[in-house]
Structure formats: C-alpha cells, structure tokens
Amino acid sequence: MSRPTIFALATGTARAAIAVIRVSGPQANAALQALTGKQHWTARLATRVRLRSPATGVTIDHAIALSFPAPLSYTGEDVIELQVHGGRAVVAATLSALAEIPKLRPAEPGEFTRRAFEAGKLDLTEAEAVADLVAAETEAQRRQALRQLEGELGRLYDGWRERLLRALAHIEADIDFPDEDLPAGLAASVGLEIDSLAGEIARHLADRGCGERLREGVYVAIIGPPNSGKSSLLNLLAGRDAAIVSDRAGTTRDVIEVRMDLGGLPVTLADTAGLRATADAIESEGVRRALERGRAADLKLILLDASAGARLNRELESLLDADSILVLNKIDLMPGATFKSAGYTAHPISATTGAGIAELLKALTQAVAARAAPSGEPALTRLRHRQALEDCRAALERARGAGGVELAAEDMRLAARALGRITGRVGIEEVLDRIFREFCIGK
Ligand SMILES: Nc1nc2c(ncn2[C@@H]2O[C@H](COP(=O)(O)OP(=O)(O)O)[C@@H](O)[C@H]2O)c(=O)[nH]1
Ligand SMILES: [Mg+2]
C-alpha cells in the first residue's frame with residue numbers, strides 16, 4: 001500500500017498577498033491535474049493556472065503552480081506547490097478542493113519534514129534546525145539555526161560516532177581473534193581515543209547552556225518591592241504599555257512577559273508582583289509567583305525606589321546574586337543626589353524621564369550576551385542532544401573502567417548508540433513522534 005499524499009497550508013493563517021499550499025506524495029501530480037485539468041508539467045517551472053473545484057468545476061482562484069518531481073523535492077516524493085491569493089476564503093476553498101481528491105489527507109505537524117528525514121534528505125539535527133529557523137525571532141537565533149541546518153552539529157556528532165566505531169572495531173578484532181598478532185599498543189591507543197573523545201564531549205557539554213538559551217530566549221525577571229516602578233520599566237523597555245502602571249501598590253498580580261530583541265539575542269522580560277507581606281490571597285499568590293520566577297530567571301533586574309530609601313528586604317536580599325543587576329529608580333525625585341551603594345553596582349534610572357536607561361540597557365545587553373551569545377564553536381542547542389551526550393560520556397567512562405575487553409566493547413557500543421540517537425541513525429522510533437509534533441503544520 002502506498003503512503004497517503006498529504007497537503008497543508010505552508011504559510012501562516014494571517015491575511016497575506018500570497019499563500020503557499022504544499023502537496024506531497026504519490027498522488028501529488030494527480031491532484032494538480034484534478035485542480036487544473038493540465039496533464040504535462042515542466043519540472044520546477046512556475047506556471048500560471050486556473051484552479052477549479054474538481055467536484056463542481058467552479059473556478060477557485062488564478063494561481064501559480066510548481067511541480068517538483070521525486071526525488072528532487074523537499075520530501076523526496078512528488079511535491080506540488082500552489083501559490084494562491086492569500087485570502088482566507090481562497091485558502092479554505094483550495095484546501096477543501098484538495099480534501100475531495102481521493103487518497104489525499106491534511107498533513108500533521110512536521111509531516112513534510114518527517115518525510116524528508118525518512119527519505120534521507122536531512123538528519124534529525126537538521127530537521128530540528130528547520131523548526132528552529134521557522135521559530136527564529138532574532139538574528140543570532142537565525143544564524144544558529146542555519147548553521148545547524150547546514151549540518152554543523154550533525155557532522156560533529158557523526159564524526160565522534162565514527163571515531164568510536166573505529167575504536168570499537170579494533171577491540172572487537174581483539175575479542176574475535178585473540179590469538180592473532182594485533183599491532184602492539186592497540187589497547188593503549190583505543191584507551192587514548194576514548195579519553196580524547198570523552199574530553200571533547202565534556203568540553204562541548206560545558207558551554208553553560210548558551211546554545212539552548214539562544215534557542216529559547218534569556219529569561220529576565222524584574223523584581224522589587226511594590227510601587228518601585230517595575231511595570232513602568234517593563235513598558236519603557238518594551239516600548240509599549242504591556243503592564244498596568246498605577247500608584248496603588250499591589251496592582252501587578254500576575255507575571256507579565258514581553259519578548260525583546262537585545263542586540264540580536266532573544267529576551268523574555270517579565271514584570272512581577274511587588275514583594276511584600278500581604279493578607280490579600282490573590283496578591284500573595286502573585287508574590288509567590290514573583291519569587292518563583294525570580295529564582296528561575298537567568299537574570300534579575302532588582303528594582304528599588306531611590307526616593308523611598310532603596311532598602312533591600314529579606315526576600316530581595318536572598319535573590320541578589322551574580323545573576324542580578326541592581327537598579328535604583330525614580331532618581332528624578334532626588335535631583336542632585338548621588339547614589340553610592342555598599343558592595344553592589346547600582347544603576348540609577350528614572351522610568352519617567354528615561355534618565356540612565358541607555359546605560360542600563362547596555363549593561364543588560366552585556367549580561368544577556370554573556371549567557372547566550374554564540375561562540376565560534378558548534379553549540380549544543382537542545383536538551384535532547386544534551387541528554388544523549390551525557391549518556392555517551394557516562395558509557396565512555398564505564399568503558400575506561402571496565403574489567404575486560406568484552407565489557408568495554410559493550411559500553412562503547414552503548415556510547416555510539418547514544419550519539420546515533422542524536423542524528424537519527426539508530427533507536428529513533430520513540431523520539432520521532434515527539435520531535436515532529438513540535439513543528440508547525442505545513443513544514
Ligand atoms: N517620579 C517617578 N515616578 C515613577 C517612576 N517610575 C514609576 N513611577 C511611578 O510610581 C508608581 C508605581 O509605578 P509602577 O510601575 O506601577 O510600579 P510597580 O508597582 O513596581 O509595578 C506609578 O505612579 C508610576 O507613575 C520614576 O522614575 N519617577
Ligand atoms: Mg507593577
């Protein structure tokens with residue numbers, strides 16, 4: 001039985017000039033013929049067509065059609081792409097016309113890319129990079145995703161795996177032909193290779209999570225007592241009124257998040273409820289959430305009201321660490337005052353006049369860059385990869401300590417399998433569904 005032919009809108013659902021609808025599978029060309037009446041197509045040549053409903057013959061739209069015959073297509077199957085006018089009704093009518101054609105069904109999220117992976121067009125790290133590129137909001141995220149799409153990570157992990165398999169082959173030769181005269185020093189050289197691989201993997205793992213943070217965004221929480229101007233600062237940095245500002249203490253009760261682009265790096269900036277003891281049940285839940293976000297945040301902006309004495313309460317004191325930037329707000333109320341702080345560098349600002357904001361932004365951008373800026377090295381970008389690499393490293397360590405070649409060989413096989421899981425060479429069935437579920441439909 002041949003696999004179903006799938007179709008989906010590849011572009012977003014917002015109204016746009018053009019929408020692209022993709023069809024992939026053995027019936028793709030039949031579908032194109034059913035919609036256009038035209039039988040012969042030049043591969044990859046944009047052709048103007050009149051799309052009609054196969055059921056009623058009624059014209060749906062004037063469109064551009066492209067045919068990508070297998071195997072020179074994204075999925076490796078016959079693919080057609082229709083560029084229709086981007087209105088909702090045009091898209092809906094085209095999709096329902098496709099649904100009427102036998103053996104066609106709507107695609108699931110990531111199904112096109114899954115087929116591309118299954119056809120060997122991409123390895124799993126490259127497939128994941130497609131999702132990252134689609135999700136990339138900032139320049140650095142785009143660059144990281146593109147490097148991964150171009151195979152940088154896949155080559156690194158496959159390269160390690162191949163070295164490991166080569167070392168394993170030496171050991172297996174020793175097991176299978178114990179009486180043969182294997183080159184002297186073989187066991188020692190295999191041991192050295194394992195050490196050097198384990199060292200490279202350990203260095204790759206010790207990247208302080210920069211690649212993963214770049215993918216997900218650096219989380220920055222604004223924390224402080226009520227009325228210190230946290231919501232005002234968030235609005236100022238975000239450039240819009242995302243949070244309610246009021247002179248009533250206890251106004252912000254939930255966590256409000258905005259996405260920002262700081263020098264190409266993605267940041268989620270969170271405004272939180274002011275920290276204070278309160279009898280109000282909703283407000284105290286807000287305080288609990290504020291503390292939780294503060295502890296989990298990559299960076300904290302601890303904001304105090306300079307005109308109110310700028311004292312740290314016990315909760316704030318406990319949050320102040322190397323990931324904190326201390327900020328003194330409302331300096332406009334204290335003209336002529338100088339701000340000296342004991343032990344900490346504090347940034348004096350006014351969320352009302354904008355004084356000091358440029359300097360604060362500079363400090364924040366630097367702190368974000370220290371946690372997420374890409375280095376020249378290929379970066380670890382996903383927890384899935386990290387876990388497999390940890391498994392690999394643990395197996396390599398066991399191999400080094402194993403009492404006998406057979407046991408060492410088994411651990412090396414496990415280590416190689418852990419690496420193979422990352423690029424999708426082995427043991428992948430259980431991870432595929434999870435990976436491709438995270439995609440958009442149409443990709
Ligand atoms: N004078 C002055 N007032 C400010 C400044 N920042 C905030 N405020 C005022 O302080 C009050 C509390 O601000 P808000 O942003 O709601 O504080 P939050 O409770 O920490 O979120 C509001 O009346 C703001 O207008 C500032 O830099 N200078
Ligand atoms: Mg507030």
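Remember, it's 1-based here, ligands and their atoms both numbered in the order they're listed. All residue numbers in this chain count up from 1 along the given sequence.
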Shortest protein heavy-atom distance from atom 19 (O) of ligand 1, along with the residue and atom involved: Asn227 N, 2.9 Å
Closest protein heavy atom (residue, atom, distance) for atom 8 (N) of ligand 1: Lys330 CE, 3.6 Å
Gln148 side chain to Thr381 side chain, donor-acceptor N/O pair below 3.5 angstrom: yes
Does ligand 1 have any atom that is closer than 4.0 Å to a heavy atom of Ser246? yes
Heavy-atom count around Ile244 CD1 within 6.0 Å, excluding the residue itself: above 12? no
Starting from atom 5 (C) of ligand 1, what is the nearest protein heavy atom, named by residue and atom, and what distance separates them? Thr352 OG1, 3.0 Å
Identify whether the distance between the nearest side-chain nitrogen and carboxylate oxygen of Arg3 and Glu77 falls below 4.0 Å. yes
Tell me the nearest of Gly356, Ser232, Ala273 to atom 14 (P) of ligand 1, using heavy-atom distances. Ser232
Before accepting this row, confirm whether a basic side-chain N of the pair Asp298/Arg208 lies closer than 4.0 Å to the acidic partner's carboxylate O. no
For atom 27 (O) of ligand 1, the closest protein heavy atom turns out to be Ala351 N, 2.9 Å
Presence of N, O or S from Asn227 under 2.8 Å of the Mg ion (ligand 2): no
The closest protein heavy-atom partner of atom 24 (C) of ligand 1 is Val245 CG1, 3.7 Å
Indicate yes or no: does Arg400 engage Asp411 in a salt bridge with an N to O separation below 4.0 Å. no
Do NZ/NE/NH1/NH2 and the carboxylate oxygens of Arg288 and Glu285 come within less than 4.0 Å? yes
Show your reasoning for whether salt bridge (Lys or Arg N to Asp or Glu O under 4.0 Å) applies to Arg147 and Glu150. CA-CA 5 Å; Arg147 282 170 66 169; Glu150 287 173 346; over 6 Å; no
Protein contact to atom 6 (N) of ligand 1 [nearest heavy atom, distance to 0.1 Å]: Asn329 ND2, 3.1 Å
Are Arg314 and Glu317 within salt-bridge range, i.e. N to O under 4.0 Å? no
Test of proximity, Pro226 against ligand 1: N or O pairs below 3.5 Å: no
For Gly229, the ligand 1 atoms whose distance to one of its heavy atoms is below 4.0 Å: 7 (C), 13 (O), 14 (P), 15 (O), 17 (O), 18 (P), 20 (O)
Of all the atoms in ligand 1, which lie at a distance below 4.0 Å from a heavy atom belonging to Leu333? 1 (N)
Give the residue and atom name of whichever protein heavy atom lies nearest to atom 18 (P) of ligand 1, and the separation in Å to one decimal. Lys230 N, 3.5 Å
Of all protein heavy atoms, the one nearest atom 1 (N) of ligand 1 is Asp332 OD2, 2.9 Å
Working for salt bridge (Lys or Arg N to Asp or Glu O under 4.0 Å), residues Asp207 and Arg386: CA-CA 11 Å; Asp207 68 341; Arg386 183 176 288 282; 2.9 Å; yes
So does Arg114 pair up with Glu108, basic N to acidic O under 4.0 Å? no
So is Gly224 in contact with ligand 1, going by heavy-atom distances below 4.0 Å? no
Counting from 1 in the order shown, the ligand 1 atoms closer than 4.0 Å to a non-hydrogen atom of Ser231 are 15 (O), 18 (P), 21 (O)
